[in-house]
Amino acid sequence: MSPYKLVFGKACHLPVELEHKAYWAIKKLNLDLDAAGEKRVLQLNELDEFRNQSYENAKLYKEKTKQWHDKKIHPRSFEVGQQVLLFNSRLKLFPGKLKSRWSGPFTITQISPFGAVELEDKSGRRFKVNGQRVKQYWGEMVDREKTTTLLSES
């Protein structure tokens, strides 16, 4: 069973398969049967070479894409008790030009070996997130709703 049939549930008709009728017509009319047979074998061999080349190209593309993607992942090391910020990826639904996508700070309570991090907020609620969504918190706690900065001319 071909991969095409597994995905789409029906057989794939290639141009070489459609040319089979022409081979049958040549055979019926008693034309040059040997030359037509050799041409058919050459076409099948070319099809196999083309298919193998496509598999190789797909394999190379996947390897390059994986290298590019893995290059974007930064190794991060966290410790229990450390303060971190959490990236909010759903903020695009409520656009705010200058609104920060980082919320927190949160305290790390547990670290699993494969990158999951358990966080605890100020109210004591615990939840697990992917370690790629957190970054270290370097500053002190700032209440963003109550903090104002006055801009005045000097």
Side-chain angles (χ1 to χ4, degrees), residues 1-139 144:
M1 186 176 289
S2 70
Y4 186 90
K5 188 169 184 176
L6 288 173
V7 173
F8 297 106
K10 60 183 180 179
C12 176
H13 297 287
L14 299 172
V16 174
E17 293 172 354
L18 297 177
E19 203 168 300
H20 177 68
K21 293 178 182 177
Y23 176 71
W24 174 79
I26 290 173
K27 184 177 175 182
K28 185 174 181 182
L29 295 173
N30 289 331
L31 297 176
D32 192 5
L33 188 62
D34 293 331
E38 288 175 13
K39 182 180 178 187
R40 176 85 171 142
V41 169
L42 283 174
Q43 286 177 339
L44 290 174
N45 288 338
E46 287 176 359
L47 181 66
D48 283 340
E49 288 176 14
F50 181 72
R51 186 177 294 133
N52 289 337
Q53 192 175 25
S54 298
Y55 284 134
E56 286 296 320
N57 288 340
K59 184 179 175 183
L60 290 173
Y61 173 76
K62 285 181 183 179
E63 288 175 0
K64 286 182 181 179
T65 305
K66 183 178 179 347
Q67 287 175 355
W68 178 82
H69 180 68
D70 290 347
K71 185 171 59 174
K72 298 283 185 181
I73 297 176
H74 302 292
R76 300 177 183 217
S77 59
F78 297 109
E79 298 174 3
V80 175
Q82 188 175 10
Q83 295 281 316
V84 293
L85 296 174
L86 177 64
F87 183 73
N88 185 4
S89 59
R90 298 193 182 264
L91 199 59
K92 291 179 185 175
L93 298 175
F94 307 104
K97 229 179 193 180
L98 302 175
K99 191 171 183 180
S100 176
R101 292 189 177 184
W102 295 94
S103 59
F106 299 98
T107 306
I108 296 178
T109 57
Q110 183 182 4
I111 301 172
S112 68
F114 295 107
V117 178
E118 185 174 306
L119 302 177
E120 182 179 359
D121 60 0
K122 288 183 268 182
S123 64
R125 188 175 57 117
R126 292 183 177 204
F127 54 94
K128 286 190 176 185
V129 294
N130 186 347
Q132 293 293 319
R133 292 184 59 201
V134 295
K135 71 176 181 180
Q136 189 169 357
Y137 178 65
W138 295 101
R144 295 181 186 195

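Minimum interatomic distance between I111 and V80 (heavy atoms only, all atoms of both residues): CD1-N, 4.1 Å. Taking every heavy atom of both residues into account, T109 and L119 meet most closely at OG1-N, 4.3 Å. Taking each heavy atom of Q136 and W138 in turn, the nearest pair found is OE1-CZ2, 3.3 Å.
Atoms CG and CG, on L42 and L47 in that order, are 12.5 Å from each other to the nearest 0.5 Å. From W102, atom CH2 reaches atom NZ of K135 across 5.0 Å, with rounding to the nearest 0.5 Å. Distance CD/E118 to CZ/R126: 5.5 Å, rounded to 0.5 Å. The OG atom of S103 sits 4.5 Å away from atom CG of L86, with the distance rounded to the nearest 0.5 Å.
Judged as a side chain to side chain donor-acceptor pair (under 3.5 Å), and not counting sequence neighbours, E46 has no contacts. Under the rule for a side chain to side chain donor-acceptor pair (under 3.5 Å), the partners of S123 that lie at least two apart in sequence or sit in another chain are D121.
Two residues are said to be in side-chain contact when any heavy atoms from C-beta on lie closer than 4.5 Å; V134 and V129 meet this criterion. The closest side-chain heavy-atom distance from Q43 to K39 is below 4.5 Å.
Enclosure of atom CD in E63 by more than 12 non-hydrogen atoms of other residues, nucleotides or ligands within 6.0 angstrom is indicated.
Q82 and T107 share no side-chain donor-acceptor pair at under 3.5 Å.
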Tell me, with the steps shown, if F106 and Y137 meet ring pair (Phe, Tyr, Trp, His ring centres under 6.0 Å). CA-CA 9 Å; F106 299 98; Y137 178 65; 10.0 Å; no
